[in-house]
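Start at 1 and go down the list; that is how both ligands and their atoms are numbered. The figures here come from the full heavy-atom set of this structure, side chains too, leaving out hydrogens, waters and symmetry mates. Values in this document were obtained by computation on a predicted structure and should not be read as measured data.
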Amino acid sequence: MAADPVAIARDLIRCPSVTPEEGGAIAYLQRVLVGAGFEVHRLMFTEPGYDNIENLYARIGTHEPHFVFAGHTDVVPPGEELLWSYAPFAGEVSEEVLFGRGAVDMKGAIACALAATFDYVAAHGGEPKGSISFLITGDEEGVAVNGTIKLLQWAAARNEKFDHCVLGEPTNPNTLADMIKIGRRGSLNGTLVVTGTPGHVAYPQLADNPVRGMVTLLGALLREPLDAGSTHFDPSNLEFTSIDVGNKTVNVIPGEARARFNIRYNDCHTRDALKSLIEQRAAAAAGSIRWRIEWDPSNADVFLTSPGPFVDLVRTAVADVTGKSPALSTSGGTSDARFIKNYCPVLEFGLVNQTMHKIDERVPTADLVTLTAIYRKILERYFG
Ligand SMILES: [Zn+2]
């Protein structure tokens with residue numbers, strides 16, 4: 001009998017694994033993967049000042065090529081539980097729709113990957129031609145310190161070599177064949193600080209108002225686009241998210257003004273080149289303004305998995321099952337693919353993302369069946 005992705009997704013939803021809680025989700029995966037003949041490693045990663053997080057690595061087969069399904073079992077909190085049509089961790093199915101936190105982001109996709117793999121392995125005498133692995137973290141929705149990044153380091157130290165990876169994040173805007181993500185923009189946060197000299201508002205000649213300098217520099221940084229976009233990316237964007245002086249007194253010129261900003265950047269820039277560009281633009285406009293930029297640490301670099309045979313394989317598999325050819329996109333926020341790309345080519349394809357992180361997160365059971373068929377087709381084509 002074929003593995004049932006709906007039953008697996010229900011079981012996973014019933015594990016209340018809100019980051020950083022394991023919630024039984026990793027234990028569940030361990031049980032079913034061991035039962036299917038995988039070698040399973042359950043790994044607790046730690047870091048001073050952060051929650052300890054459970055992760056899982058499971059592999060079947062010893063040969064190349066080595067295909068990896070990646071994902072996360074942790075979920076965001078359910079929010080106001082009374083607003084849900086069904087309890088968020090009940091895994092209720094109503095009129096062929098499965099409700100629950102994680103239904104689309106991304107326990108549903110993990111269930112599909114498991115069901116597809118179990119079917120594929122069973123159909124090939126209990127072992128794939130190459131190797132299939134699951135790289136599963138419990139730390140994606142949080143700070144992502146004790147998650148995929150450490151799991152990959154652990155695997156590399158064991159000499160695990162990955163050839164290709166599909167990450168099952170919910171990539172589709174409306175229907176299951178809309179979109180494969182072949183890269184992600186980088187993300188960089190900074191604070192623009194302008195220093196002045198405080199003083200009496202009636203004697204501005206005796207003071208130096210940092211608000212004036214801030215206005216000048218905001219204008220300079222917003223005036224020109226950062227680039228015009230590239231073949232696979234939209235133009236980069238700088239967005240100021242907060243401007244703060246913190247002055248409670250109306251007749252005092254403040255001593256400092258601060259503006260926080262985020263940049264989503266494409267492959268026209270490296271992180272360092274982008275920092276230089278921003279600082280050059282500020283310097284060119286500054287004159288006598290005293291300013292500096294405080295950059296936050298970032299681990300979200302831009303990346304692209306260039307279109308080629310692997311992208312074609314996944315796209316064809318989607319088309320084989322759905323009759324539609326998905327768009328290739330680099331839109332949206334960042335994901336753990338930003339870590340995986342340092343080890344092997346990675347694509348993202350999962351469920352429809354309309355209800356992710358919302359009240360009544362849900363997935364039609366038909367989508368789970370279809371995504372399982374797509375993943376199954378990917379495995380078949382991959383191992384040819
Ligand atoms: Zn996710």
Side-chain angles (χ1 to χ4, degrees), residues 5 8-9 12-13 15-23 25-26 28-29 45 51 53-56 68-79 88-89 91 98-114 134-152 165-174 176 178-187 264 299-300 303 305 314 326 329-341 346-363 367-368 371-372 374-375:
I8 299 172
L12 282 171
I13 287 170
C15 303
S17 51
V18 175
T19 331
E21 297 301 329
E22 184 267 338
I26 297 284
Y28 174 83
L29 292 181
F45 294 129
D51 292 306
I53 305 278
E54 290 226 45
N55 297 267
L56 178 142
V68 185
F69 281 114
H72 62 89
T73 50
D74 62 323
V75 294
V76 296
F89 299 108
L98 171 61
F99 287 75
R101 178 57 85 226
V104 296
D105 186 12
M106 55 164 280
K107 289 173 169 175
I110 291 176
C112 296
L114 286 171
F134 284 84
L135 199 69
I136 305 291
T137 184
D139 191 16
E140 198 275 342
E141 301 287 6
V143 285
V145 164
N146 285 319
T148 298
I149 196 164
K150 286 191 175 163
L151 200 49
L152 287 161
C165 177
V166 168
L167 172 58
E169 288 287 356
T171 49
N172 295 290
N174 295 303
L176 202 46
D178 288 341
M179 190 175 284
I180 298 173
K181 298 239 169 145
I182 58 167
R184 294 278 185 157
R185 294 178 297 179
S187 175
R264 294 297 160 124
N299 58 12
F303 80 93
T305 299
V314 173
S329 170
T330 57
S331 60
T334 185
S335 76
D336 274 358
R338 72 189 190 270
F339 305 130
I340 299 168
K341 58 99 176 156
V346 54
L347 297 179
E348 295 173 70
F349 185 76
L351 293 161
V352 174
N353 58 26
Q354 277 173 359
T355 62
M356 63 180 174
H357 295 206
K358 292 187 180 171
I359 300 289
D360 276 352
E361 181 175 347
R362 60 194 182 275
V363 60
D367 279 8
L368 294 172
L371 184 60
T372 301
I374 292 169
Y375 285 161

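- Not a single donor-acceptor pair under 3.5 Å links the side chain of K181 to the backbone N or O of E169.
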Practice problem: Apply side chain to side chain contact (heavy atoms under 4.5 Å, CB included) to T330 and I182, showing your working. | Solution: CA-CA 6 Å; T330 57; I182 58 167; 4.1 Å; yes
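- With contacts defined as side-chain heavy-atom distances shorter than 4.5 Å, the pair D139/F45 does not qualify.
- Shortest distance from the Zn ion (ligand 1) to H72 is reached at NE2 (N/O/S atoms only).
- Look at E141 and the Zn ion (ligand 1): no N/O/S atom of the residue is under 2.8 Å from the metal.
- Of all the N, O or S atoms in E169, the one closest to the Zn ion (ligand 1) is OE1.
- Within the 4.5 Å cutoff, side-chain heavy atoms of P173 are placed close to those of M179.
- With 2.8 Å as the limit, D105 counts as an N, O or S neighbour of the Zn ion (ligand 1).
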